[in-house]
Amino acid sequence: MSSPMAGVAMVNAVVFGVYGNFQRHSPQPDALSSHFLAGAAAGFVQSFVCSPMELVKTRLQVQQHSAVPGGGCGGPMNCLSQVVKTEGFRGVFRGLGTTICREVPGFGLYFVAYEFMTRSAGDLSEPRPPVGTLRMLLAGGFSGTLSWVLTYPIDVVKSRLQVDGMGGVYRYSGFMDCLKKSIQTEGYGVMTRGLTSTILRAFPTNAATFTVVTWVIRWTDAKQAENTSGYVIEELVDLTVPEMSMTQKRYKRSNDDARLEITVFGLWESLEYKEKDMNNIFQWRKRILQNIMGSNIFCSEQLMPKYNPVISSDKGQRSRDLFCDKIKEDPCLEFQLFQGNKSSRMDREEVQDGSEDQDGAISQKQTTDSNTEKEPNHYEHKNDYYNSSVR
Ligand SMILES: NC(=[NH2+])NCCC[C@H](N)C(=O)O
């Protein structure tokens with residue numbers, strides 16, 4: 001009982017660790033193909049972990065059901081050392097190639113299917129509502145099942161290769177030989193032998209795995225956000241629309257999904273925010289400003305936080321400090337922030353002439369005359385950042 005549990009924990013740590021890192025560093029992290037490739041990479045890496053574990057498990061199972069001559073190893077470690085003794089170190093990795101053939105497509109499909117089933121239709125750049133638990137459970141269960149159904153024949157061959165040679169008798173020379181001999185003697189049905197019990201296990205375990213992983217990630221993200229960005233975001237609400245009364249702007253942070261819900265003049269926005277992700281903050285400011293001023297907000301200056309030094313409460317002070325720290329991490333932002341409305345490299349003509357403040361909510365309107373100064377180079381270099389991310 002304890003060794004399968006430790007094995008599952010280790011395999012899942014490897015799988016989700018490799019998958020997450022690979023997917024985040026993909027050129028297009030949101031593309032389904034990136035999820036497939038990240039899953040495939042995770043499957044490849046974890047094959048090296050699970051292959052010896054499955055070898056031992058399969059051998060112990062076979063040994064339980066038949067008196068294999070030369071078998072009789074006690075526990076998993078004992079079995080492993082016997083394999084090393086009789087077949088050498090290579091014996092431990094018997095079936096590794098076949099395991100890789102099963103895991104690479106298996107985990108690619110596993111993750112792409114889950115992503116597909118939990119993805120809402122629509123523009124990926126838009127914030128998406130958090131996935132509900134029931135959907136997570138079903139998507140996890142079906143992804144696991146699908147990946148097993150499609151790779152099961154490879155698994156049958158892999159298991160046969162891994163027990164081959166127990167007691168010194170070798171029956172198969174390799175993958176194709178094993179496949180051919182198995183079909184010849186047992187018919188095509190051999191390719192799905194044991195599939196039902198695999199599915200009965202795969203559905204609930206994978207439903208639970210995806211749900212637990214998602215909830216743990218949400219929980220840790222929310223904790224992190226609570227400690228840092230939460231303050232920044234709250235502050236930004238005040239800085240963005242400082243003149244509005246609390247009845248006009250309401251915001252609420254929900255802890256479980258790192259989302260911010262904001263109502264500006266009765267218009268409700270729900271946006272995702274992430275630690276280290278200033279881009280989201282810009283998007284978010286842009287939305288608010290669009291709601292207030294009309295749809296054509298292109299000026300990055302308007303999206304800049306308006307620094308408001310008159311914050312009296314302790315919490316206000318703390319959030320202001322945090323906010324300024326964040327800003328300082330980005331010299332470009334710092335420049336914009338502290339130069340205030342003196343600097344702007346924006347093309348003024350892009351801003352709609354007719355855009356108007358409502359109720360004086362945004363006073364940082366076009367100060368066209370005072371913004372023609374030449375900006376330092378580091379600022380110019382970062383042009384793209386603003387242009388592509390804010391618009
Ligand atoms: N064919 C595969 N390997 N599919 C991936 C599913 C992996 C999952 N941890 C399970 O054991 O059910």
Side-chain angles (χ1 to χ4, degrees), residues 1-12 14-15 43-107 110 144-145 147-183 185-186 189-206 209:
M1 183 70 188
S2 58
S3 47
M5 268 169 62
V8 168
M10 187 157 81
V11 163
N12 280 324
V14 170
V15 164
F44 179 80
V45 174
Q46 83 99 22
S47 298
F48 293 83
V49 181
C50 82
S51 181
M53 283 175 12
E54 287 185 14
L55 178 102
V56 168
K57 189 192 80 175
T58 318
R59 288 191 172 212
L60 288 172
Q61 280 169 344
V62 167
Q63 180 193 290
Q64 264 173 18
H65 296 291
S66 62
V68 180
C73 42
M77 290 322 277
N78 203 325
C79 183
L80 205 59
S81 66
Q82 271 201 19
V83 173
V84 177
K85 249 185 252 157
T86 55
E87 297 167 56
F89 191 65
R90 286 197 60 175
V92 175
F93 288 98
R94 171 176 284 274
L96 175 65
T98 317
T99 307
I100 293 173
C101 291
R102 183 196 71 189
E103 297 299 75
V104 168
F107 273 100
Y110 181 63
T145 305
S147 74
W148 275 114
V149 169
L150 296 178
T151 56
Y152 199 74
I154 309 175
D155 187 63
V156 171
V157 176
K158 186 232 56 167
S159 304
R160 289 175 177 226
L161 289 176
Q162 284 190 323
V163 292
D164 195 31
M166 267 174 97
V169 191
Y170 288 95
R171 285 200 284 166
Y172 311 119
S173 63
F175 182 89
M176 286 316 286
D177 185 48
C178 175
L179 185 68
K180 230 190 295 166
K181 283 183 179 152
S182 302
I183 293 174
T185 53
E186 295 162 68
V190 73
M191 294 292 95
T192 53
R193 181 155 306 158
L195 180 59
T196 313
S197 45
T198 299
I199 292 173
L200 287 175
R201 180 203 64 87
F203 195 95
T205 51
N206 291 300
T209 304

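What you are looking at is a predicted structure, and each value in this text was computed from that prediction instead of being measured.
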Participant: Rounded at 0.5 Å granularity, tell me how far CG in Asp155 sits from CG in Leu195.
Facilitator: 9.5 Å

Participant: Between Gln162 and Arg94 (side chain of the first, backbone of the second, donor and acceptor by atom type, cut-off under 3.5 Å), is there such a pair?
Facilitator: yes

Participant: Give, for atom CG of Leu161 and atom CG of Leu96, the distance between the pair rounded to the nearest 0.5 Å.
Facilitator: 12.0 Å

Participant: Name all residues meeting the ring-ring contact (aromatic ring centres under 6.0 Å, His included) criterion together with Phe203; count only those two or more places apart in sequence or in a different chain, and write none if there are none.
Facilitator: Phe142

Participant: In this structure, are over 12 heavy atoms from other groups packed under 6.0 Å from Phe44 atom CZ?
Facilitator: no

Participant: Might you point out which heavy atoms bring Ser51 and Thr99 nearest each other, and give the distance in Å?
Facilitator: OG-OG1, 3.5 Å

Participant: Stepwise, does the side chain to side chain contact (heavy atoms under 4.5 Å, CB included) test hold for Met191 with Leu179?
Facilitator: CA-CA 9 Å; Met191 294 292 95; Leu179 185 68; 3.6 Å; yes

Participant: Short question: side chain of Glu54, backbone of Ser47 - any donor-acceptor pair under 3.5 Å?
Facilitator: no

Participant: Return the CZ to CD1 distance between Phe48 and Ile100, rounded to the nearest 0.5 Å.
Facilitator: 4.0 Å

Participant: Between the main-chain N or O of Gly189 and the side-chain N or O of Thr192, is there a donor-acceptor pair closer than 3.5 Å?
Facilitator: yes

Participant: Report yes or no: do Lys57 and Gln61 form a side-chain donor-acceptor pair below 3.5 Å?
Facilitator: no

Participant: With a 4.5 Å cut-off on side-chain heavy atoms, are Lys181 and Arg171 touching?
Facilitator: no

Participant: Start with the C-alpha gap between Trp148 and Arg102, add the side-chain angles, then the distance that decides, and say whether side chain to side chain contact (heavy atoms under 4.5 Å, CB included) holds.
Facilitator: CA-CA 9 Å; Trp148 275 114; Arg102 183 196 71 189; 3.8 Å; yes

Participant: Measuring from Tyr152:OH to Thr196:OG1, what's the distance to the nearest 0.5 Å?
Facilitator: 8.5 Å

Participant: Can you check whether Thr145 reaches Asn206 side chain to side chain, under 4.5 Å on heavy atoms?
Facilitator: no

Participant: Rounded to the nearest 0.5 Å, what separation is found between the CZ atom of Arg160 and the OG1 atom of Thr58?
Facilitator: 12.0 Å

Participant: One pair to check against side chain to side chain contact (heavy atoms under 4.5 Å, CB included): Tyr172 and Val157. What are the steps and the verdict?
Facilitator: CA-CA 10 Å; Tyr172 311 119; Val157 176; over 6 Å; no

Participant: Step by step, work out the side chain to side chain contact (heavy atoms under 4.5 Å, CB included) result for Val149 and Ile199.
Facilitator: CA-CA 8 Å; Val149 169; Ile199 292 173; 3.8 Å; yes

Participant: Output all residues satisfying ring-ring contact (aromatic ring centres under 6.0 Å, His included) with Phe89, sequence neighbours left out; order by chain, then residue number.
Facilitator: Phe93

Participant: Nearest 0.5 Å, please: how far is CZ in Arg59 from OG in Ser159?
Facilitator: 12.0 Å

